[in-house]
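The next block holds one structure in the form of structure tokens; read it before the comments.
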Number of protein chains: 2
Amino acid sequence: MSTQVNLENTQQQMRKGILEFVILSVLARNDAYTSDIIAELKKAQLIVVEGTLYPLLTRLKNGGLLTYRWEESTQGPPRKYYALTEEGRNFLVALKSTWEELTIAVDHISKNN
Amino acid sequence: MSTQVNLENTQQQMRKGILEFVILSVLARNDAYTSDIIAELKKAQLIVVEGTLYPLLTRLKNGGLLTYRWEESTQGPPRKYYALTEEGRNFLVALKSTWEELTIAVDHISKNN
DNA sequence: AATCAGTACTATGCAATACAAAGTACTGGA
DNA sequence: TCCAGTACTTTGTATTGCATAGTACTGATT
């Protein structure tokens, strides 16, 4: 068994590509800052780390799907609260559709064995 | 909207990571050579191209999850038929479980919006 | 006032993989 | 012999999750 093909790696590779969808989904309900988002994902058994999340949020913000505002915190430094733009909401609708098509396709194939 | 965040790219990124699972699933039913695999996936609305498939099959073979045999063809050059190893079957079971956990997590998050 | 722990954000290098593209090789038919 | 169709191999590129290193802010403690 080579280092490349092992369960952990494959699980990680499976996470690639879906985090945009997942993050946008979390923010569709409520504005949130990073620790909120991480906690929300963790509740759903999806572990995402800050080294992933920050660049992702920045990318989505730069792409026009998110906006943010600073908010003072009584528990530490200021927090950056992210929110979906209208464009972000539209994009999320398309992503949800894509996800559904993908899972149907995969389930169809994997159920055949 | 930057080049990085567009639907096509995101759809492609969503495919990353699941193709191992999908290919092993196809081969769990029957030995197959590449065009068979591509056709099977296409039937399920999953388009995969040869530049992706060949290196992937090689990787899985090198990792001990697949074996292959050559078979003469009356329609052209010989074909390389791949089959799951015992190890491949075990790995597939784990992948299926992982996929289910992932979809449950994602659906849970996306259904909340 | 200075220090520290906890909290929050930023940046970067690495590993892995889907894909486009280029190329090699085999077979039967023209 | 040449060609089209078929099958396989290789490689470079773009993208992204993660580990890691670092910066910055705040309130509490010394």
Side-chain angles (χ1 to χ4, degrees), chain A residues 2-24 32-39 41 46-63 66 68-82 95 98 102 106, chain B residues 2-24 32-39 41 46-63 66 68-82 95 98 102 106:
Chain A
S2 84
T3 349
Q4 296 172 352
V5 182
N6 69 67
L7 193 59
E8 243 184 85
N9 177 61
T10 303
Q11 287 169 336
Q12 177 177 125
Q13 298 300 326
M14 274 191 182
R15 286 200 282 276
K16 277 194 178 183
I18 63 163
L19 292 188
E20 263 183 37
F21 175 46
V22 164
I23 302 301
L24 290 174
Y33 81 108
T34 38
S35 291
D36 279 341
I37 297 171
I38 288 176
L41 295 184
L46 253 183
I47 311 296
V48 176
V49 297
E50 55 195 27
T52 298
L53 190 54
Y54 284 112
L56 175 45
L57 288 170
T58 301
R59 207 174 74 232
L60 294 176
K61 188 259 311 172
N62 289 338
L66 299 183
Y68 66 79
R69 68 177 193 277
W70 287 100
E71 207 170 286
E72 297 295 331
S73 158
T74 54
Q75 287 151 311
R79 296 164 173 176
K80 204 175 204 176
Y81 279 80
Y82 286 93
L95 286 196
T98 295
L102 186 66
V106 172
Chain B
S2 84
T3 348
Q4 297 172 349
V5 183
N6 69 68
L7 193 59
E8 241 183 88
N9 177 62
T10 302
Q11 287 169 334
Q12 179 179 121
Q13 298 300 327
M14 273 193 183
R15 286 199 282 273
K16 274 195 180 182
I18 65 162
L19 293 187
E20 264 182 35
F21 175 46
V22 163
I23 302 299
L24 290 175
Y33 81 109
T34 39
S35 292
D36 280 343
I37 296 171
I38 288 175
L41 295 183
L46 253 183
I47 311 293
V48 176
V49 296
E50 55 196 23
T52 298
L53 189 54
Y54 284 111
L56 174 45
L57 287 170
T58 301
R59 209 171 74 231
L60 294 175
K61 189 260 311 172
N62 289 339
L66 299 183
Y68 67 80
R69 69 177 189 275
W70 287 100
E71 207 169 286
E72 298 294 332
S73 159
T74 55
Q75 285 151 312
R79 297 163 172 174
K80 204 174 202 175
Y81 278 81
Y82 287 91
L95 287 196
T98 294
L102 186 66
V106 173

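Just the heavy atoms: all of them, side chains too, but no hydrogens, waters or symmetry mates, feed the values below. Protein chains get the first letters and strands the later ones, always in sequence-line order, with residue 1 at the start of each.
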- Nearest-Å distance for atom pair CD/P, residues B/E8 and D/dA14: 16 Å
- Message: With a 4.5 Å cut-off on side-chain heavy atoms, are A/L41 and A/I23 touching?
- Response: yes
- Task: Can you figure out which of C/dT10, D/dT9, D/dT15 approaches the side chain of B/K80 most closely?
- Result: D/dT9
- Step by step, would you call A/R79 with A/W70 a side chain to side chain contact (heavy atoms under 4.5 Å, CB included)? CA-CA 6 Å; A/R79 296 164 173 176; A/W70 287 100; 5.8 Å; no
- Message: Let me confirm one number: the CD-CG distance from A/E20 to B/N9, rounded to the nearest 0.5 Å.
- Response: 7.0 Å
- Using a heavy-atom cut-off of under 4.0 Å over every strand shown, decide if B/E72 touches base, sugar-phosphate, or nothing. sugar-phosphate
- Between D/dT15 (C1') and A/R15 (CZ): distance, integer Å: 17 Å
- Query: What's the CG-C1' distance between A/N62 and C/dT10, to the nearest Å?
  - Reply: 13 Å
- Message: Could you measure the distance from the CG atom of B/L95 to the CG atom of B/L102? Nearest 0.5 Å is fine.
- Response: 11.5 Å
- Where the side chain of A/Q12 is concerned, which of D/dC18, C/dC19, D/dA21 is the nearest nucleotide? D/dC18
- Query: Do B/E71 and B/Y33 have side-chain heavy atoms sitting under 4.5 Å apart?
  - Reply: no
- Where each residue is assigned the nucleotide of DNA chain D containing its nearest heavy atom, which of B/S73 and A/T52 is assigned the position nearer the 5′ end? B/S73
- A/I47 has an atom CD1; how far is it from atom P of D/dA19, in whole Å? 11 Å
- Gap between atoms CD and C1', on A/Q11 and D/dC18 respectively (whole Å): 15 Å
- Ranking D/dG5, C/dT10, D/dG17 by distance to the side chain of A/L19, first place goes to D/dG17
- Message: Need one value for B/T58: base, sugar-phosphate or nothing, where a base atom within 4.0 Å counts as base even if backbone is also close, heavy atoms only.
- Response: nothing
- Task: State the OG1-CG distance between B/T58 and B/N62, to the nearest 0.5 angstrom.
- Result: 6.5 Å
- Query: Under 3.5 Å, is there an N or O donor on one side and an acceptor on the other linking the side chain of B/K16 and the base of D/dT15?
  - Reply: yes
- Task: Quick one: label A/P78 by what it contacts on the DNA or RNA (base, sugar-phosphate, nothing), any heavy atom closer than 4.0 Å.
- Result: sugar-phosphate
- Message: Does D/dT16 have OP1 or OP2 under 4.0 Å away from a side-chain N or O of B/N9?
- Response: yes
- Whole-Å distance separating the CZ atom of A/R59 from the P atom of D/dT15: 9 Å
- Item | Whole angstrom value for the distance that separates C1' of D/dA19 from CG of A/L56 | 17 Å
- Per atom distances to the B/E20 side chain, the nearest of D/dT9, C/dA8, C/dT17 is C/dT17
- Spacing of B/I37 atom CD1 relative to C/dA18 atom P, expressed in whole Å: 14 Å
- Task: With DNA chain C as reference, determine whether A/W70 or A/G76 sits nearer its 5' end, using the nearest nucleotide of each.
- Result: A/G76
- Task: Ignoring backbone atoms, establish whether A/Y33 has a side-chain N or O less than 4.0 Å from OP1 or OP2 of C/dA8.
- Result: yes
- Query: When you check the phosphate oxygens OP1 and OP2 of D/dT6, does a side-chain N or O of B/R79 lie under 4.0 Å from one of them?
  - Reply: no
- Message: If you only use heavy atoms from C-beta on, which nucleotide in C/dC19, C/dT17, C/dC26 is closest to the side chain of B/V48?
- Response: C/dC19
